[in-house]
Amino acid sequence: MDPILEQIYATILPSAPYVIAAYALMWGALLVYVIYATVRMKKVESQIAVLQNTLDKATSTKTNSDFAAQTQEVQDESESIKKK
Amino acid sequence: MARSVQVKTPSTFTEYKILLGKDLRREFRTKEMLTSMGIYSILVLVVYGAALSQSSQGVDVLQMSGGLLWALIVFTSLLGLNRSFEHEKENGCLDGLLLVPMDRSVIFLAKATSNLLFMLVVEVIAVPLYFFFFLTGAPVSDSWPLLVWPLIVGTIGMAGIGTLLSTITVNTRGKDVMLAVLFIPLIFPLLYACVSAATVVLVGGDWQTTYLTSLALAGGYDVIMLLLSWVLYGYVISA
Amino acid sequence: MAQTNKNRRGQMPSRGQTASRGQTALSTADKIAPVILVLGAILSVLGFVLAFTIAPPVNGARVDGIAIIGDQMVGNQMLFSQKIFYFHMPVAITSFLALGVAAFYEIRYLMTKDSDYDLKAHLATEVSLVFVVMVMFSGEMWERFEWGVWWTWDPRLTTYFILMLLVIGYFVLRAAVDDPEKRASYASVFGIITFIDVPICFMITRLVPSSVHPTIFRTDSGLSTEMMIPLMCAMFGMLFISYGLFRWRLRTERAQEELDRMKQTLDE
Amino acid sequence: MPASDVQTDQATDQPADQPAILVDHVSKIFGSRRAVDDLSLSIPHGAFLSIFGPNGAGKTTLLRMLATLSRPSEGRIVLGGIDIKEHPEQAREHVGLISHRSMLYDDLTAYENLMIAARLYGVENPDARVRKLLDAVELSHRSMDVVRTFSRGMTQRISIARALVADPDLVLLDEPYSGLDPHAVDVFDQIIATVREGRTFVMVSHDMDKGLAACSHVLVMARGRKAAFAKKEEIDFDAFSAFYKKTVGMGVA
């Protein structure tokens with residue numbers, strides 16, 4: 001290789017690892033964030049599932065309606081603390 | 001029902017004087033802030049002593065003096081700023097101040113001024129001591145008295161930003177670490193400019209251009225940041 | 001879900017999606033978000049490939065002679081490390097844009113005290129942190145080759161290091177405050193100050209004349225058209241990716257908030 | 001008394017028939033938790049409202065909103081005709097707060113503390129006003145001593161003086177009896193009685209007898225919602241204490 005050509009290309013080989021490292025790290029950072037985002041989404045979806053079956057169980061055993069009755073009772077009670 | 005007490009809302013300047021007077025009287029009576037900051041700065045000088053005394057003659061302390069001085073000021077003021085809001089929170093006095101029908105940025109102005117005064121007093125003690133300990137033999141250029149200006153401009157900026165941040169961090173967990181984490185990156189540009197101004201004045205040579213540009217930049221930082229803190233303070237204190 | 005009692009307004013918060021039996025009604029922005037994300041990915045890969053193919057290398061130091069390569073007379077070293085530039089600048093601009101968007105939401109939060117803005121600001125800052133980290137990586141590698149040392153207090157690198165510390169400080173602050181209203185106000189104020197502080201830091205580290213670092217304003221003028229194409233591809237690619245990620249995170253976190261609210265009502 | 005049909009439109013008539021406190025569908029939401037939930041209330045002038053309820057029922061949150069220290073997330077609060085969202089500073093001139101935290105500077109003397117408050121509120125010749133207040137709370141002999149040296153009872157009395165320095169129409173009391181010995185409690189009640197005339201009071205307390213004794217209206221809160229609201233004359237005490245134990249039970253569950 002004629003010496004001038006060698007000089008022209010002199011920077012390419014030594015700088016190659018840094019360029020590769022730069023791009024690898026950049027894409028790596030993006031990848032980590034995407035993974036974090038999917039983990040968060042999975043967590044939400046699993047909670048939805050958990051809530052879903054507690055809701056289905058709840059409607060069958062009527063726990064919800066007891067609560068409604070209890071608060072209703074409190075409402076009428078407030079009238080009853082007054083002198084009859 | 002007729003009000004038995006006539007009330008005339010005081011001017012902002014009177015409110016500022018009252019609040020500043022409270023801080024100064026409280027400090028004058030307890031001297032808690034000044035003693036702790038004063039002793040702390042001397043301790044930092046002791047650490048510098050350990051660091052620099054071992055170094056060979058080759059190390060030019062003069063070159064580093066600007067930086068070392070400002071490092072001393074930053075850490076001492078961090079200590080002071082942390083304590084500045086402690087006594088306000090002790091008995092819920094902050095709620096007491098919030099109940100008064102006044103513009104809440106006055107609290108910021110008064111507290112920033114009192115912090116500024118305490119920091120300046122500590123600098124009046126620490127800087128001469130620094131000269132005494134480290135710069136006795138060094139060829140300090142005769143322009144060193146101009147060091148005063150970067151000190152003042154820098155301390156004003158730090159007092160302003162520091163007061164705003166200490167209002168935030170006094171309500172967080174890990175108070176003092178939190179203040180340092182937020183304060184030092186924010187204050188970096190001011191620090192960068194002031195160190196350059198201080199160094200060039202101490203070292204001498206044709207310092208005019210660098211000195212003036214750095215000082216102007218530091219001044220610009222102060223104006224922008226103090227205005228911003230003044231505007232945002234209402235949201236922070238009444239959160 | 002049964003209406004609990006008469007004066008209890010059961011209506012879910014109106015803004016954003018109203019959760020009905022787990023299937024969130026998608027607003028248009030959320031529908032196009034995945035499309036934009038994919039489009040962004042394609043564009044950046046395209047920019048990446050073009051950067052190494054059609055973009056001519058930048059001329060480095062003079063060589064003591066002339067050589068003929070292809071049909072051109074070449075008299076300088078070819079700077080290969082410059083190839084990092086094609087992603088370094090777009091990522092830097094995107095990170096600062098994301099911070100700007102966060103600052104906008106923070107101002108909106110302070111004006112309206114609507115926690116949805118605080119959520120958006122939080123996520124925009126999150127995206128901005130990712131891109132700031134990318135800028136640090138690429139800048140570090142480039143500096144490493146160009147200056148031959150792992151760290152220099154060079155204005156550009158220092159500014160981005162300070163920006164990273166500030167954004168990390170934002171998250172440390174959010175983690176240290178429990179009361180949601182305080183956390184939102186404190187984080188918003190700090191976010192706004194950070195957004196103002198960074199350009200000042202950018203200016204001061206350049207304008208303060210210091211002997212060690214020549215103040216270089218990397219204007220990169222004189223970009224030939226072949227260079228512009230990969231740069232623009234990478235630019236839009238990164239912007240689209242950041243927007244897509246932001247919307248995706250926003251949808252997830254909003255669903256999370258709905259869930260917390262549902263659990264809250266179920267506990268009572 | 002029907003709870004929810006509070007008329008909310010008449011905003012500008014003269015204070016005479018304007019309720020001292022008008023709470024209109026107010027809610028305070030912390031993240032996903034509704035500390036105060038759609039509360040409506042109207043308290044006439046000169047009334048003394050006692051607020052009861054288990055911990056976390058939103059009593060203190062409501063009181064802090066009345067004191068303009070925190071903003072309601074939804075709804076409107078009007079104090080003596082002034083909406084606290086539009087003119088918070090104007091509303092603050094008429095509000096005094098006494099809480100178990102003294103809001104006094106330990107290192108300053110009683111006189112200095114009161115002077116700071118008096119001058120901040122802009123009271124005419126503050127010195128005379130402060131001296132008069134110190135006599136009212138019988139602490140003029142200690143006025144030059146630092147508050148740090150005061151007992152809990154004495155600090156509470158200075159705290160009352162501080163709250164009354166600008167002669168507020170509305171006085172808010174947040175657990176004022178906590179930490180007071182019986183003697184201090186009696187002295188506290190005496191001072192409150194002397195300044196009772198023509199002012200509206202709101203007290204949050206766990207102490208049912210103390211609360212019931214002084215009040216003209218009673219509000220019981222559970223989980224941020226209004227469980228009961230009635231005038232004192234209308235209350236049948238045995239039913240009330242039974243009801244109170246039940247709501248305390250439900251609230252804490």
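Worth saying up front: this structure is predicted, and the values here are computed from it rather than measured. Letters go in sequence order (proteins before strands), and every chain restarts at 1.
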Trainee: Using a heavy-atom distance cut-off of less than 4.5 Å, which residues of residues 178-185 of chain B contact chain C?
Mentor: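 Listed by number, the contacting residues are B/Met178, B/Val181, B/Leu182, B/Pro185.
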Trainee: Chain B heavy atoms under 4.5 Å from C/Thr158: which part of the residue, side chain, backbone, both or neither?
Mentor: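 Contact with chain B: side chain only.
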Trainee: Compare every heavy atom of C/Tyr186 with every heavy atom of B/Asn171, then report the nearest pair and how far apart it is.
Mentor: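 Between these two residues, the closest heavy atoms are ND2-OH, 2.6 Å.
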Trainee: Between C/Val177, C/Leu110, C/Leu163, which shows the greatest number of heavy-atom pairs under 4.5 Å with chain B?
Mentor: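 That would be C/Leu110.
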Trainee: When heavy-atom pairs shorter than 4.5 Å are enumerated against chain B, which of C/Thr159, C/Leu165, C/Val172 gives the highest number?
Mentor: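 Top count of heavy-atom pairs under 4.5 Å with chain B: C/Val172.
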Trainee: If you define the side chain from C-beta out and look only at heavy atoms, does anything of C/Leu173 sit under 4.5 Å from B/Thr172?
Mentor: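 C/Leu173 reaches B/Thr172 side chain to side chain.
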Trainee: Passes side chain to side chain contact (heavy atoms under 4.5 Å, CB included), B/Phe188 versus C/Asp197? Steps please.
Mentor: CA-CA 9 Å; B/Phe188 180 82; C/Asp197 192 75; 6.0 Å; no
Trainee: OG of B/Ser196 to CD1 of C/Ile204: how many Å apart, nearest 0.5 Å?
Mentor: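 B/Ser196 OG to C/Ile204 CD1: 10.0 Å, rounded to 0.5 Å.
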Trainee: Taking 4.5 Å as the heavy-atom cut-off, does anything in residues 153-166 of chain B contact chain C, and if so which residues?
Mentor: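 The list, in residue order, reads B/Leu164, B/Leu165.
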Trainee: Pairs of donor and acceptor atoms involving the side chains of residues 227-239 of chain B, under 3.5 Å and at least two apart or interchain, shall be tabulated with distances.
Mentor:
| from | atom 1 | to | atom 2 | distance (Å) |
| --- | --- | --- | --- | --- |
| B/Ser229 | OG | B/Met225 | O | 2.7 |
| B/Tyr233 | OH | B/Thr167 | OG1 | 3.0 |
| B/Ser238 | OG | B/Gly234 | O | 2.6 |

Trainee: Can you tell which of C/Asp178, C/Thr194, C/Val198, C/Ile168 has the highest number of heavy-atom pairs within less than 4.5 Å of chain B?
Mentor: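 Max contact count across the listed options: C/Asp178.
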Trainee: Please give me the minimum heavy-atom distance between B/Pro189 and C/Ile200, naming the atom from each residue.
Mentor: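 Looks like CB-CG2, 4.3 Å.
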Trainee: So if I take each residue of residues 143-151 of chain B and look for any heavy atom under 4.5 Å from a heavy atom in chain C, which residues do I end up with?
Mentor: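 Heavy-atom contacts from residues 143-151 of chain B to chain C are absent.
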Trainee: Contact part of C/Ala175 toward chain B, heavy-atom cut-off under 4.5 Å: side chain, backbone, both or neither?
Mentor: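 The backbone, not the side chain.
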